[in-house]
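Heads up: the structure comes next, in structure tokens.
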There are 2 protein chains.
Amino acid sequence: MRPQKTLDKDVLVGLTEIFQSKGYEAASLQDLATATGLKKASLYHRFPGGKKQMAEAVLEHLAKWVGENVFQVLRNSEHSPEIRLKNAMVQIKVLYNDGKNTCIFRALSMETGINLFRLQIEKGMKEWLKAFETIGEELELDSKTAKSYAYQSMIDIQGSLILTTALNNPQIFDEALQRITSRYLR
Amino acid sequence: MRPQKTLDKDVLVGLTEIFQSKGYEAASLQDLATATGLKKASLYHRFPGGKKQMAEAVLEHLAKWVGENVFQVLRNSEHSPEIRLKNAMVQIKVLYNDGKNTCIFRALSMETGINLFRLQIEKGMKEWLKAFETIGEELELDSKTAKSYAYQSMIDIQGSLILTTALNNPQIFDEALQRITSRYLR
DNA sequence: GTCTATAGCTAGATAGAC
DNA sequence: GTCTATCTAGCTATAGAC
């Protein structure tokens, strides 16, 4: 059937890299082919829906990674909420490569992207908010505060990623993650 | 010499609209022509440096607007620092159209844009930080706190603009501006 | 200073050999 | 399943009439 399941993952990694760094419209099929090591026609064989389907696959792939490596960590009942929060922060650092990667929601939410992927982006963002809200409640915050902290956490992540890029200073991202943790644990 | 100085501003408004919403690479000359009401060749007459020069003009135009309508307001010695901060926040709401516009730094800081405009973006971001830092000091914050609040303010603005787009909810931007003000004035 | 027309190239996408 | 070759449409940019 499919001779190389391993390659499937490598292809997704290449696609992710391009869409994350360039956004949707600016990512050319040539860029995507080079990054994956496949020729354009081969990409179309795997993704008959073209560039749009490739971006959707990237969104799914990252949603799966975040589900397993962030949300799952936040829910892991073997540890206290404090430990779970800290562990999740480590994973978030990995996800964004210490602040050197941009968020896929940001990359795909310029004009054309937001029109194509509005539902996925909105759904994904709400899952992040819900995950932070839940850990907040488990840390004994009242529900209004838990909601507010969840929004502030996502704003800190997204905003610090922008500043990190603009000022070429990953320390900003690091400090933002620290601030999020401190807010919950003080 | 130049028969229509008024039009110059309209052209900049059109260019700004496109680069803000689509970013650099995804903004086509056709988009820019349509938005300005000029034909492509006419745009090249005004901007012999092509698309790059058009984006630079947008960055300068917005830097000028921000200088006059945000930074100047923050420095206006006729009012108390508290009033100046509140007035500046109103202007920031105007700049980002109540959260419905994206920031030009964000729009131009994806892959190709950041390579072309790194200096302008970094300079602009530092000016914003400096302006917030100064008003913080005038509000009697110690210099370390003033610096920290400046970063948090910019992170709140940038992050809340991302969430506002992703969730299609301008209230998030409004609340972020409110949070910035409250942090300084509590 | 603005336009029409067009050059030269790259875009996304497809056909068909292997 | 991957490739070379190719289609059409769109891209940035320029030439030259008015």
Side-chain angles (χ1 to χ4, degrees), chain A residues 1-59 61 107-108 110-117, chain B residues 1-59 61 107-108 110-117:
Chain A
M1 329 283 172
R2 283 197 252 167
Q4 64 302 45
K5 271 231 161 183
T6 21
L7 255 173
D8 274 6
K9 196 161 203 170
D10 293 342
V11 169
L12 279 174
V13 169
L15 297 181
T16 301
E17 193 183 308
I18 299 301
F19 283 121
Q20 254 180 0
S21 59
K22 311 196 71 163
Y24 185 72
E25 277 197 277
S28 77
L29 265 288
Q30 200 47 253
D31 293 332
L32 298 165
T34 303
T36 54
L38 288 175
K39 299 296 176 181
K40 285 192 280 181
S42 305
L43 280 174
Y44 275 97
H45 178 79
R46 300 199 181 206
F47 304 96
K51 196 162 87 160
K52 184 176 178 223
Q53 191 184 342
M54 298 177 208
E56 279 166 348
V58 166
L59 281 166
H61 165 239
L108 295 183
M110 295 299 291
E111 187 74 17
T112 305
I114 192 70
N115 290 325
L116 291 174
F117 309 114
Chain B
M1 328 294 171
R2 284 196 255 167
Q4 64 302 46
K5 272 232 164 185
T6 21
L7 254 174
D8 274 4
K9 196 160 204 170
D10 293 341
V11 169
L12 279 175
V13 169
L15 298 180
T16 301
E17 192 183 309
I18 299 300
F19 283 121
Q20 255 180 359
S21 59
K22 310 197 73 163
Y24 185 72
E25 277 197 275
S28 77
L29 265 288
Q30 198 48 254
D31 292 331
L32 297 165
T34 303
T36 55
L38 287 175
K39 298 297 176 182
K40 286 191 278 181
S42 305
L43 280 175
Y44 276 96
H45 179 80
R46 300 201 182 203
F47 304 95
K51 197 162 85 159
K52 183 176 179 222
Q53 191 183 344
M54 297 178 209
E56 279 166 349
V58 165
L59 281 166
H61 166 239
L108 295 182
M110 296 298 290
E111 186 74 18
T112 305
I114 192 69
N115 290 324
L116 291 174
F117 309 114

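As the structure is a computational prediction, the values presented were derived from the model and not from experiment. Below, chains carry the letters A, B, ... as their sequence lines are ordered, and counting in each starts from 1.
Close to C:dG1, at under 4.0 Å from its OP1 or OP2, lies no side-chain N or O of B:S42. For D:dT2, neither phosphate oxygen OP1 nor OP2 lies less than 4.0 angstrom from any side-chain nitrogen or oxygen of A:K39.
Between the CG atom of A:L29 and the P atom of D:dT4 there is a distance of 15 Å, given to the nearest Å. Protein atom CZ of B:R46 is 18 Å distant from nucleotide atom P of D:dT14, rounded to whole Å. Atoms CZ (A:F47) and C1' (D:dG1) sit 13 Å apart, rounded to a whole Å. Between B:Q30 atom CD and C:dT6 atom P there is a gap of 17 Å when expressed in whole angstrom units. Between the CG atom of B:L15 and the P atom of D:dT12 there is a distance of 13 Å, given to the nearest Å. Rounding to whole angstrom units, NZ of residue B:K22 and P of D:dG10 are separated by 13 Å. Distance, B:L43 CG to C:dT4 C1': 15 Å, rounded to whole Å. One atom, CD of B:E25, and another, C1' of C:dC9, lie 15 Å apart when rounded to the nearest Å.
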Under the side chain to side chain contact (heavy atoms under 4.5 Å, CB included) criterion, do B:R46 and B:D8 qualify, and how do the steps go?
CA-CA 9 Å; B:R46 300 201 182 203; B:D8 274 4; 2.5 Å; yes

Assess whether side chain to side chain contact (heavy atoms under 4.5 Å, CB included) is satisfied between B:L59 and B:F19, documenting all intermediate values.
CA-CA 10 Å; B:L59 281 166; B:F19 283 121; over 6 Å; no

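Comparing the helix axis at one end of the helix from C:dG1-D:dC18 to C:dC18-D:dG1 with that at the other, each defined from 5 consecutive pairs, gives an inter-axis angle of 0° (nearest 10°).
Looking at B:K52, its side chain never comes within 3.5 Å of a backbone N or O of B:F117 through a donor-acceptor pair. Side-chain atoms of A:K51 come within 3.5 Å of backbone atoms of A:A27 as a donor-acceptor pair (strictly under, hydrogens ignored).
Comparing C:dT14, D:dC3, D:dT12 by their closest approach to the side chain of A:Y44 singles out C:dT14. Out of C:dG12, C:dC3, D:dC3, the shortest distance to the side chain of A:A41 is found at D:dC3. Here the nucleotide nearest the side chain of A:H45, chosen from C:dA13, D:dT2, C:dC3, is D:dT2. The A:K51 side chain lies nearest to C:dG12 when the options are C:dA11, C:dG12, D:dC3. In this structure, of C:dG12, D:dA13, D:dT4, it is D:dA13 that holds the atom nearest to the side chain of B:K40.
Contacts of A:A27 with the nucleic acid, taken as non-hydrogen atoms under 4.0 Å apart, involve only primed sugar atoms and P, OP1 or OP2.
Note that the OG1 atom of A:T36 and the CG atom of A:L43 stand 4.5 Å from one another [nearest 0.5 Å]. Between atom CG of residue A:L32 and atom CD of residue A:E17 there is a gap of 10.5 Å, rounded to the nearest 0.5 Å.
Minimum interatomic distance between B:M110 and A:K22 (heavy atoms only, all atoms of both residues): CE-C, 3.7 Å.
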